[in-house]
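These notes are about the structure you will find just below.
The figures that follow rest on heavy atoms only: side chains count, while hydrogens, waters and symmetry mates do not.
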Amino acid sequence: MLQIALTILIYLILVIPVGVYVYHVAAGKHTFADPVLNRVDGAMYKICGINPQSSMNWKKYAVSLVVTNGVMMLLGYAVLRIQSVGLFNPNGIGSMEESLSFNTVISFITNTNLQHYSGESGLSYLSQMLVIIFMMFVSAASGYAACVAFIRGLAGKTKDNVGNFFADLIRITTRVLLPFSIAGGLLLVWQGVPQNFSGNVVVDTIEGAKQVIAMGPVAALEIIKHFGTNGGGFLGANSATPIENPTILTNLLELYAMMLLPGACVIVFGKMVRDRKGELAHASVPDGSGAAAFNMKAPRSLTVWMYGREGRSIFAAMGILFLIGLGICFWAESQGNPALAHIGLSQSMGSMEGKEVRFGVAQSSLFTTVTTSFTTGTVNNMHDTLTPLGGMIPMLHMMLNVVFGGKGVGLMNMITYAILAVFICGLMIGRTPEYLGKKIEGREMKLAALCIIIHPLLILAFSALAVCTQAGLAGITNPGYHGLSQVLYEFASAAANNGSGFEGLADNTLFWNITTGIVMFFGRYLSMVLQLAIAGSLMKKRFVSESAGTLHTDTVSFAVILVFVVYIFAALTFFPVLALGPVSEHLTLWA
């Protein structure tokens, strides 16, 4: 427990300066790297024919994002189909099969990184670099760009300008993802993670057998898969193998790499909303008193600080959800397996099946909860071997898809729930709901409802399809309740753009490749476009004056309301199927 507490404490210390830096990048403010990177960005704008000053409305921004990702998807598919060429292919890897190529390119361009193959035997180094690593940068930058545009719409500085997608994509890549990845990658190499173009090495083990040790550009992939909340792995065993995660220091580095930028997005949201509110306060009340437009009684400096608390309430709600899930997962794994205890095997260390002894229950539970809360998908233990309740938590957090989430997407999803929360509270007191000084009306509620419904619809509909067709049932390798949990986990991971799996599932088949590919595509882009539409609708509305009946969304009480709304919605949509899977398995195991 001390390990977990210290890890979280250090994270809270680190996330604030990272959030401030990312805010300066998102808002176009000065950073220490500008003298060098302005020239780099300028050269890229010139080569690509981009005018960074040109503005886009939400529709043009969304189309630019989807079309750009679509073109890269086609190019990636072509590379996977011809990867058998000799270039950067010292291990002689053959071309990837059609349905698996389809699944893989969608998986990586959507920031999911669900892998129905083992990287060390399924991809050449050319594919690892041109498809996997490249798409890890692009998908992460695309998600963060959409988030920044969404925040600009909520802040409402203009009526139709949410920024320029191509400028955002380049600035986020050059100023955030590349610098963090270079620094983190060097730290991984220092700790022993390979970074080379050598072929695999065959060694003699102490038992006299032969073993193949994978080589390649592992560190480069490993760091961006965490900083970009991508997931996947260079190797099939992922970060549970010492090649990807050799020491406790690399384990901590990978944890913080997953957690820092999604948490920083919430800080960016608070600061950008504060900026807009502060400008309105300044424009309405030049002398800092009265504040008639917003019914404010405090001085301007205090008012600006208070508006910065919008991000804090969102961060608090996410933090509460995360800690509840972490506590349950850690407790469940610490209890061990009663079936093993019954036959005389000690469970004093907790349930160690599928876990690295060097990490133990504490770091495994923390890694499991982080990777599915921050929707990264990397693993340092076998999720299929988690206890029923321990495995339910990562599954549930992917179903919620708001516990910090991936690069920008988690924040967008949580704000959608915030809109739903203020609507429900508005009904209770008989008032038109308001959020960030804008009225929430029919159009916004319809879009928010669609956005929230899409996620469970994809998970539950495709899970039902899998368990009622022969092609779906053929992939289930565990009987009974756990078999259903395998299916639920797979589609929850695909819909949440997570990528981890209960790896007992035989998923490299035509059925699983096509269905999960569809779920990943629609789970990513439908929600993103609808959320940009919400921002586009709100930014055109006038700010309204606060009154005695206004629900303040920058308080601890609103954070608690938000947590209850998320859990209530999860109970209404997912509890029946969870009861048939992990809950029933737990009751049976402990009966």
Self-check item: Side-chain donor or acceptor of Asn230 paired with backbone N/O of Ile133 under 3.5 Å
Solution: no
Practice problem: With rounding to the nearest 0.5 Å, note down the distance linking CD in Glu222 to CG in Asn245. | Solution: 7.0 Å
Quiz item: Is the backbone of Gly406 close enough, under 3.5 Å, to the side chain of Thr229 for a donor and an acceptor to pair up by distance?
Solution: no
Exercise. Give a yes or no on whether the backbone of Gly236 and the side-chain of Glu120 come within a donor-acceptor separation of less than 3.5 Å.
Key: yes
Self-check item: Side-chain donor or acceptor of Asn103 paired with backbone N/O of Ser99 under 3.5 Å
Solution: no
Quiz prompt | Side chain proximity check, Val566 to Met414, heavy atoms < 4.5 angstrom | solution = yes
Self-check item: Student check: side-chain heavy atoms of His397 and Phe374 closer than 4.5 Å
Solution: no
Exercise. Please test Met352 against Val361 for side-chain contact (heavy atoms from CB on, under 4.5 Å), starting from the C-alpha separation and ending with a verdict.
Key: CA-CA 7 Å; Met352 287 298 295; Val361 166; 4.0 Å; yes
Quiz prompt | Any donor-acceptor N/O pair, Thr241 side chain to Glu244 backbone, under 3.5 Å | solution = no
Quiz item: At their closest point, which heavy atom of Leu505 faces which heavy atom of Gly475, and how far apart are they?
Solution: CD1-O, 3.3 Å
Practice problem: Quick one: do Asn238 and Thr378 satisfy side-chain hydrogen bond (donor to acceptor under 3.5 Å, both in side chains)? Show the steps, please. | Solution: CA-CA 7 Å; Asn238 214 286; Thr378 180; 2.7 Å; yes
Quiz item: Is the backbone of Ala579 close enough, under 3.5 Å, to the side chain of Ser584 for a donor and an acceptor to pair up by distance?
Solution: yes
Practice problem: Verify, without hydrogens or angle tests, whether Thr371 (side chain) and Val379 (backbone) share a donor-acceptor contact under 3.5 angstrom. | Solution: no
Quiz prompt | Side chain to side chain, Leu326 and Ile8, heavy atoms closer than 4.5 Å | solution = yes
Exercise. Decide yes or no for Asp384 and His482: does some side-chain heavy atom of the first lie under 4.5 Å from some side-chain heavy atom of the second?
Key: yes
Quiz prompt | Test of ring centre spacing under 6.0 Å for Tyr417 and Phe569 | solution = yes
Exercise. Give the C-alpha distance, both sets of side-chain angles, the deciding distance and a yes or no for side-chain contact (heavy atoms from CB on, under 4.5 Å) between Met259 and Val370.
Key: CA-CA 7 Å; Met259 299 168 75; Val370 167; 3.6 Å; yes
Practice problem: Over all heavy atoms of both residues, which pair between Met445 and Leu420 is shortest? Give the atoms and the distance, please. | Solution: CE-CD1, 3.9 Å
Quiz item: So do the side chains of His226 and Ser239 get within less than 4.5 Å of each other, counting heavy atoms only?
Solution: yes
Practice problem: Verify side-chain contact (heavy atoms from CB on, under 4.5 Å) between Tyr435 and Glu444, making sure each step is shown before the conclusion. | Solution: CA-CA 11 Å; Tyr435 188 60; Glu444 293 78 37; over 6 Å; no
Quiz item: Taking all atoms of both residues into account, what is the closest heavy-atom pair of His455 and Met398, and its distance?
Solution: NE2-O, 2.9 Å
Quiz item: Going by the angle between their ring planes, with limits at 30° and 60°, are Tyr489 and Phe502 parallel, tilted or perpendicular?
Solution: parallel
Quiz item: Side chains of Ser351 and Asn337: donor-acceptor distance under 3.5 Å anywhere?
Solution: no
Quiz item: Just checking, any donor-acceptor pair under 3.5 angstrom between side chains of Gln531 and Asn413?
Solution: yes
Self-check item: Taking every non-hydrogen atom, the tightest pair across Leu366 and Thr7
Solution: CD2-CG2, 3.7 Å
Quiz prompt | side-chain contact (heavy atoms from CB on, under 4.5 Å) evaluation trace for Phe574 with Leu400 | solution = CA-CA 9 Å; Phe574 294 116; Leu400 298 179; 5.9 Å; no
Quiz prompt | Where Leu396 and Ala570 come nearest, the two heavy atoms and their spacing | solution = CD1-CB, 4.5 Å
Quiz item: How long is the gap from CE on Met96 to OG1 on Thr104, to the nearest 0.5 Å?
Solution: 4.0 Å
Quiz item: Do the ring planes of Phe315 and Tyr11 sit parallel (below 30°), tilted (30 to 60°) or perpendicular (above 60°)?
Solution: parallel
Quiz prompt | Partner of Ile320 under side chain to side chain contact (heavy atoms under 4.5 Å, CB included), chosen from Val556, Leu562, Val563 | solution = Val563
Quiz prompt | Heavy-atom neighbours of Tyr567 OH exceed 12 at 6.0 Å | solution = yes
Quiz item: Are any of the side-chain heavy atoms of Ser364 and Glu333 separated by less than 4.5 Å?
Solution: no
Quiz item: Rounded to the nearest 0.5 Å, how far apart are OG of Ser373 and CZ of Phe322?
Solution: 5.5 Å
Quiz prompt | Heavy-atom check, side chain of Leu261 versus side chain of Tyr144, under 4.5 Å | solution = no
Quiz prompt | Atom pair OG/OH of Ser101 and Tyr117 - distance to nearest 0.5 Å | solution = 10.0 Å
Quiz item: Applying the side chain to side chain contact (heavy atoms under 4.5 Å, CB included) test to Trp512, which of Leu100, Leu114, Val487 qualifies?
Solution: Val487
Quiz item: Looking at Asn498 and Ser500, what are the two nearest heavy atoms and their distance?
Solution: OD1-OG, 2.6 Å
Exercise. Ignoring hydrogens and angles, tell me if any N or O in the side chain of Ser493 forms a donor-acceptor pair with the backbone of Glu490 under 3.5 Å.
Key: no
Quiz prompt | Over 12 foreign heavy atoms within 6.0 Å of CZ, Phe359 | solution = yes
Quiz item: When rounded to the nearest 0.5 angstrom, what distance separates CG in Asn113 from CE in Met520?
Solution: 9.0 Å
Quiz item: In Å, rounded to the nearest 0.5 Å, how long is the span from CD1 of Ile109 to CG of Asn497?
Solution: 11.5 Å
Quiz item: Between Glu356 (side chain) and Asn380 (backbone), is there a donor-acceptor pair under 3.5 Å?
Solution: no
Quiz item: Taking side chain as C-beta onward, heavy atoms only, is Ile248 less than 4.5 Å from Arg358?
Solution: no
Exercise. Check whether any side-chain N or O of Thr110 sits under 3.5 Å from a backbone N or O of Ile106 as a donor-acceptor pair, and report yes or no.
Key: yes
Quiz item: Does CD belonging to Glu97 count more than 12 external heavy atoms closer than 6.0 Å?
Solution: yes
Quiz prompt | Residues Gln486 and Thr477: side-chain donor-acceptor under 3.5 angstrom | solution = yes
